[in-house]
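Below is one structure, written out as structure tokens; the observations come after it.
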Amino acid sequence: NTKQILIGEQHQIKGVSQEILSFIKNVQAQNPRRQIIYLTEFLLQDIDPLYTLSIMQLYIKDQPYYDIFFWLSTHNICMMGLEPQYVWEMKPPHLYLGHLFQPKPFPVPLWESVSGVYLRNQSWRGAIAAARKKYPDALFIIHAGYGHTDYTSPFSIAGMFNPQETFVLRVVQEEESLFHTFSEGKLAGFSLLGWKDKQLALLAGCDAQIKVP
């Protein structure tokens, strides 16, 4: 019954990207007759992903997402960008905010603040809805930071979907999630966690978590 798989990651970690690519390969192998659409934070809306890939081939081939994009392009999986162009083009001011349980202020770029994430997620929702109208029967793989995809994240894009038709995967190297905070780190030693009960998944923020070395 799954219509969308949300993959939430900890950013800029090669091992995380490799694990996500392995997961995507398995999803495709298990769904050989189903169209798969890959939508991601790491590509811009309305910019041809193959153009972005060609730039990466020339200048930043070691970037963690290159291997994912290259494999998708060679396996005829449609890629779509979610990020509005202004997020990449505008250098945002920094806000000085307190951290949960750590009241000492620290700088946060506007687009990474709760308000910035809200604005970005609203734009993403529009792009996802348009893609769903175009590909009503496809399996969507939506890849972004877990602050956008976890069930428990503020203004999460997971909230736009029926939970019974949605699977949320979190892939991290270090434990930083709200689940880790409120479970007091008691499950931090597990490389794989999962919940079959959807209500537990909604409380934990994801249906499964992979922790890479």
Side-chain angles (χ1 to χ4, degrees), residues 2-90 111 120-121 123-150 157-158 160-161 165-173 206-210 212-213:
T2 302
K3 290 186 177 180
Q4 48 273 325
I5 298 171
L6 278 57
I7 304 175
E9 66 155 40
Q10 187 175 16
H11 288 326
Q12 297 291 340
I13 298 173
K14 190 71 172 178
V16 167
S17 292
Q18 291 171 344
E19 190 67 43
I20 290 171
L21 177 56
S22 177
F23 178 81
I24 293 172
K25 289 179 179 178
N26 278 290
V27 169
Q28 197 229 25
Q30 292 171 12
N31 296 270
R33 297 180 182 85
R34 191 172 184 189
Q35 184 180 26
I36 295 174
I37 306 295
Y38 171 86
L39 306 99
T40 183
E41 167 188 3
F42 311 112
L43 292 170
L44 290 173
Q45 294 182 25
D46 304 319
I47 297 293
D48 185 350
L50 295 181
Y51 170 76
T52 303
L53 181 61
S54 68
I55 298 299
M56 295 176 76
Q57 286 176 320
L58 289 174
Y59 300 108
I60 47 176
K61 202 169 181 178
D62 60 340
Q63 213 259 9
Y65 309 113
Y66 173 81
D67 291 343
I68 296 175
F69 300 158
F70 181 79
W71 186 87
L72 292 169
S73 70
T74 57
H75 287 77
N76 298 315
I77 294 177
C78 177
M79 296 185 286
M80 303 181 72
L82 291 178
E83 196 74 287
Q85 293 187 38
Y86 57 76
V87 172
W88 283 18
E89 293 170 354
M90 293 174 56
W111 299 128
R120 292 164 65 200
N121 285 5
S123 178
W124 295 10
R125 284 170 176 251
I128 293 167
R132 179 54 77 192
K133 185 176 290 187
K134 187 175 181 179
Y135 304 104
D137 300 318
L139 174 61
F140 280 16
I141 295 177
I142 302 172
H143 176 198
Y146 67 76
H148 300 274
T149 58
D150 271 16
I157 58 172
M160 70 183 291
F161 307 117
E165 298 174 343
T166 305
F167 184 88
V168 175
L169 172 68
R170 184 193 299 139
V171 186
V172 299
Q173 186 176 70
C206 61
D207 295 279
Q209 174 180 287
I210 297 173
V212 302

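Below, each value reflects all heavy atoms present in this structure, side chains not excepted, and no hydrogens, waters or symmetry copies. In this chain, residues are counted from 1 in sequence order.
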>> Restricting to non-hydrogen atoms, name the atom on L139 and the atom on T2 that form the minimum distance, rounded to 0.1 Å.
In response: CD1-O, 3.8 Å
> Q35 versus D137: any side-chain heavy-atom pair under 4.5 Å?
Replying inline: no
> Can you name the closest pair of heavy atoms from V172 and V16 and give their distance?
Replying inline: C-CG2, 4.0 Å
> With a 4.5 Å heavy-atom cut-off, do T52 and L44 have their side chains touching?
Replying inline: no
>> To the nearest 0.5 Å, what is the distance between CG on N31 and CD1 on I36?
In response: 5.5 Å
> To the nearest 0.5 Å, how far apart are OG in S54 and CZ in F69?
Replying inline: 12.5 Å
> Going through the checks in order, is the side-chain contact (heavy atoms from CB on, under 4.5 Å) test met by L6 and F140?
Replying inline: CA-CA 8 Å; L6 278 57; F140 280 16; over 6 Å; no
> Which pair of non-hydrogen atoms, one from I37 and one from L39, has the smallest distance, and what is that distance?
Replying inline: O-CD1, 3.7 Å
> Quick one: does L169's side chain get under 4.5 Å of D207's, heavy atoms only?
Replying inline: no
> Looking at side-chain heavy atoms only, is the closest gap between Q4 and E165 below 4.5 Å?
Replying inline: yes
> At what distance, to the nearest 0.5 angstrom, does CG of L72 lie from NZ of K25?
Replying inline: 10.0 Å
> Any chance CZ of F23 has more than 12 other-residue heavy atoms, nucleotides or ligands included, within less than 6.0 Å?
Replying inline: yes
>> Whether the Y65 and E9 side chains hold a donor-acceptor pair (N or O, under 3.5 Å, no angle test) is what I'd like checked.
In response: yes
> Does the side chain of T149 reach to within under 4.5 Å of the side chain of I7, using non-hydrogen atoms?
Replying inline: no
> Taking all atoms of both residues into account, what is the closest heavy-atom pair of R132 and K3, and its distance?
Replying inline: NH2-O, 2.9 Å
> Closest approach of S17 and I68, non-hydrogen atoms and distance?
Replying inline: O-CD1, 3.8 Å
> Can H11 and E41 be said to form a side-chain contact (heavy atoms from CB on, under 4.5 Å), step by step?
Replying inline: CA-CA 11 Å; H11 288 326; E41 167 188 3; 3.5 Å; yes
>> For the CD1 atom of I5 and the CD1 atom of I24, what is their distance to the nearest 0.5 Å?
In response: 9.0 Å
> Taking the side chain as C-beta and beyond, is there a heavy-atom pair between E83 and W124 under 4.5 Å?
Replying inline: yes
> If we only count heavy atoms from C-beta on, is the I77 to W71 side-chain gap below 4.5 Å?
Replying inline: yes
> How long is the gap from NE2 on H143 to OH on Y38, to the nearest 0.5 Å?
Replying inline: 5.0 Å
> What is the distance from atom CG of L43 to atom CG of D48, rounded to the nearest 0.5 Å?
Replying inline: 10.0 Å
> Please walk me through it: do T40 and M79 pass side-chain contact (heavy atoms from CB on, under 4.5 Å)?
Replying inline: CA-CA 8 Å; T40 183; M79 296 185 286; over 6 Å; no
>> Test side-chain contact (heavy atoms from CB on, under 4.5 Å) on Q57 and F70; report intermediate values, then the result.
In response: CA-CA 9 Å; Q57 286 176 320; F70 181 79; 4.0 Å; yes
> Closest approach of L21 and D67, non-hydrogen atoms and distance?
Replying inline: CD2-O, 4.0 Å
>> Any heavy-atom pair between the side chains of I142 and F161 that's under 4.5 Å?
In response: yes
